[in-house]
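Reading through the structure tokens given below for one structure.
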Amino acid sequence: MAFDAGGAAPLDVGVVPIDRGERVAVATLSAGRAGDVAVLERARIGLDPRLEAPGARIVWQDARAIVPLLLDAGVRLERVRDVRLVHRILVDARGLEREERWAQPLRAEAEGLFSLAPEPEPLDALAAQLAAQEAAIGDDAGLRMLAAAESMGGVLAVELSRQGLPFDRSRHDALLVEALGERPPGAGPAARPRRMEALAAQVRDALGAPTLNPDSPQEVRAALRRAGLDVASTSRWELREHEHPAIAPLIEYKHLARLHTANGWAWAQRWARVDARGRCRLAIEYVPGGVVTGRWATEGSGAMQIARQIRAAVAAEPGMRLVVADAAQLEPRALAAIARDEALADAGRGTDLYQGLVDRGVVDRRELAKVGMLGALYGGTTGQAALVLPRLARAYPRAMAVVEAAARAGERRERVRTWLGRTSPLPPRWRDDERGAQQARAWGRFTRNFVVQGTAAEWALAWMAGVRRAIRDVDGAALVCFLHDEVIVQAPEDRAAEVAEAVRAAAADAGRLLFGRFPIDFPVQTAVVEDWSQAKD
DNA sequence: AATGCACGCCAC
DNA sequence: AAACGTGGCGTGCATT
């Protein structure tokens, strides 16, 4: 198992940074109290034998403050409890007091400067928090597993953020020049790359608006209306409905403008940095549990939305390869497992669940299978999805009943739970009128999706924890990216195939860990490549 | 000048 | 003319 999934830890070891992380206080946590406090210089933390004791669980308040110190000291971190992350789960799941006292900097940080002995208070507080969490979790095996997984997620996020994503700036520059044209000499928003400027001129020409700023939706809409195009917005789907010489260059301009602002030169300048070993990496700050469903977010760099167009700039370093792995149709598979829907699980037996639906005669085209399944997961009611849904409901009544029940529960303002027990928040108030009914249905779509997306996120955590363990002894291999259902490991060329196999095996392990003997496959598509764009999907 | 919101588009 | 879930973020633009 990739993380502690059950049973009481024989030894809980609390760790608290003091003196701004120059030293660390270590204590045994038991029955809500801290005992046998030791204080160690940061470089010598690993010398406390309790941190390496078999089965020991290391407990902290905030991974961001302590995990870097532990990693630098060579502590392995196999069983962990992140009190901050787990608290957030238990507040919703168990009504644990919403208390943010450990969000504050620990008082010992300041007071430690003036006393040789550590303040016992933070470690006692940690012990008390741990005891409260253990009581709240009780014998709920799902919550216990979720707490362990989320806590390991805190470690993974620190490790991933410290690694960064290998990034080749000259390749990035070349991709931008190819798409946008030469970079203008002056910075500033007025200076547009050559192709963008040419498209802007075409738009102005076609609309007879010589001073038009194509970045201003208001100006663009007004100019379009003057040209006789009755548009409510300037979004692409609406523009496409109209026939006019300005439309094509405008849509192309907006496409390039997005690339330029989101993943252009300024973005690379801001987020790419050269580390101590001279490697260029994108600095990505992961936020575990940053999304209500339990998915991760990132802060600042927009790293979860790196445009496909520039993914070739994410490239393996000399002697290395990227092992790019993504879980195939993760959410429908999670749904099949939640619902114990053997028929849907059977359709997913191969590597392509959507094709499985076609092969079993449920729908006649793969594209329809996908649209219909996503409609079921998101609550789609129109178009192609609506046409296919009845057939899915007939073929997979158990799975469809689960998402329908989640939607109805949300409409009734009830909470729903993921497989391991993450709980949806309570909805805002809505009135008892037509507008309120709309809001209720919208909340139902949220709870419908929450169950599936949240369970998929739990599987992904377990998967990634397994990958972490599997590559631990592969010298030079490191997780460098995580995107909901996709991971990238950079590994030495001659060990990449072995890593790819380990990543696939970790997926199967994660499925068994969460869903036991229920026969659901979690196939993972892996590619060993030099750059991210070569991993086709 | 700083702040907050709306728009629009990218990702899964 | 949106719809069908979760987000981040840059830009324009109105408000303070």
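Quick note on labels: first sequence line is chain A, next is B, and so on, each numbered from 1.
- Atom pair A:Phe482:CZ and C:dT6:P shows a separation of 18 Å (rounding to whole Å applied).
- Under a 3.5 Å cut-off, the side chain of A:Gln490 and the backbone N or O of A:Glu317 do form a donor-acceptor pair.
- Dashed line: the shortest gap from a side-chain N or O of A:Thr234 to OP1 or OP2 of B:dG8 is under 4.0 Å.
- No donor-acceptor distance shorter than 3.5 angstrom exists from the side chain of A:Asp521 to the backbone of A:Pro523, with no hydrogens or angles considered.
- Of all nucleotides listed (C:dG10, B:dC12, B:dC7), C:dG10 comes nearest to the side chain of A:Thr261.
- C:dC4 and B:dG4 have their C1' atoms separated by 28 Å, given to the nearest Å.
- Distance, A:Leu387 CG to C:dA3 C1': 14 Å, rounded to whole Å.
- A sub-4.0 Å separation between OP1 or OP2 of B:dC10 and a side-chain N or O of A:Arg236 is present.
- Taken to the nearest 0.5 Å, the CD1 atom of A:Ile306 stands 6.5 Å off from the CG atom of A:Asn263.
- Rounded to an integer number of Å, the gap from A:His484 NE2 to C:dG5 C1' is 12 Å.
- Looking at heavy-atom distances under 4.0 Å, A:Gly379 makes contact with sugar-phosphate atoms alone, never a base.
- Counting non-hydrogen atoms under 4.0 angstrom, A:Val452 reaches nothing in the nucleic acid.
- The listed nucleotides are C:dC4, B:dG8, C:dA2; the one nearest the side chain of A:Trp237 is C:dA2.
- Residue A:Asn213 has a polar side-chain atom (N or O) positioned under 4.0 Å from OP1 or OP2 of C:dG12.
- Of the possible donor and acceptor atoms, none in the side chain of A:Arg273 sits under 3.5 Å from a partner among the backbone N and O of A:Gly164.
- Per the geometry, CG belonging to A:Leu259 stands 17 Å off P belonging to C:dC9, to the nearest Å.
- Within the 4.0 Å cut-off from OP1 or OP2 of C:dT6, not a single side-chain nitrogen or oxygen of A:Arg295 is found.
- Heavy-atom distances to DNA chain C give each of A:Gly290 and A:Asp230 a nearest nucleotide, and the one nearer the 5′ end belongs to A:Asp230.
- Minimum atom distance to the side chain of A:Arg311 is reached by B:dC12, of the listed B:dC12, C:dG5, C:dA3.
- Proximity of a side-chain donor or acceptor of A:Thr455 to a complementary backbone N or O of A:Trp419 within less than 3.5 Å is detected.
- Side-chain proximity of A:Asn449 to B:dC10, C:dA2, C:dG5: nearest is C:dG5.
- Pairing for C:dT16 goes to B:dA1, judged as Watson-Crick or G-U wobble with the two contacts each under 3.5 Å.
- Side-chain proximity of A:Ser216 to the nucleotides B:dC9, C:dG8, C:dC13 is greatest for C:dC13.
- Under 4.0 angstrom from either OP1 or OP2 of C:dT11 there lies no side-chain N or O belonging to A:His260.
- The residue A:Glu331 sits apart from the nucleic acid: no heavy atom pair falls under 4.0 Å.
- If you check B:dC9, B:dA11, C:dT6 against the side chain of A:Arg308, the one that comes closest is B:dA11.
- A:Arg270 places its CZ atom 9 Å from the P atom of C:dC9, with the value rounded to the nearest Å.
- Nucleic acid contact class of A:Arg258 (heavy atoms, under 4.0 Å, all strands): base.
- Taking atom OH of residue A:Tyr253 and atom C1' of nucleotide C:dT11, one finds them 10 Å apart after rounding to whole Å.
- Rounded to the nearest Å, the gap between the P atom of B:dC7 and that of C:dA1 is 16 Å.
- Atoms CD1 (A:Ile251) and C1' (B:dG8) sit 13 Å apart, rounded to a whole Å.
- With contacts defined as side-chain heavy-atom distances shorter than 4.5 Å, the pair A:Gln163/A:Leu160 does not qualify.
- In terms of polar N and O atoms assigned as donor or acceptor, the side chain of A:Gln218 never comes within less than 3.5 Å of the base of C:dG12 in a complementary pairing.
- In this entry the distance linking CG of A:Leu374 with P of C:dT6 reads 15 Å, nearest Å.
- Of all heavy-atom pairs spanning A:Ala393 and A:Met400, the tightest one is CA-CG, 3.7 Å.
- Closest to the side chain of A:Leu483, out of C:dA2, B:dC12, C:dG8, is B:dC12.
- Both A:Ala442 and A:Glu219 lie close to DNA chain C; mapped to their nearest nucleotides by heavy-atom distance, the more 5′-ward contact belongs to A:Ala442.
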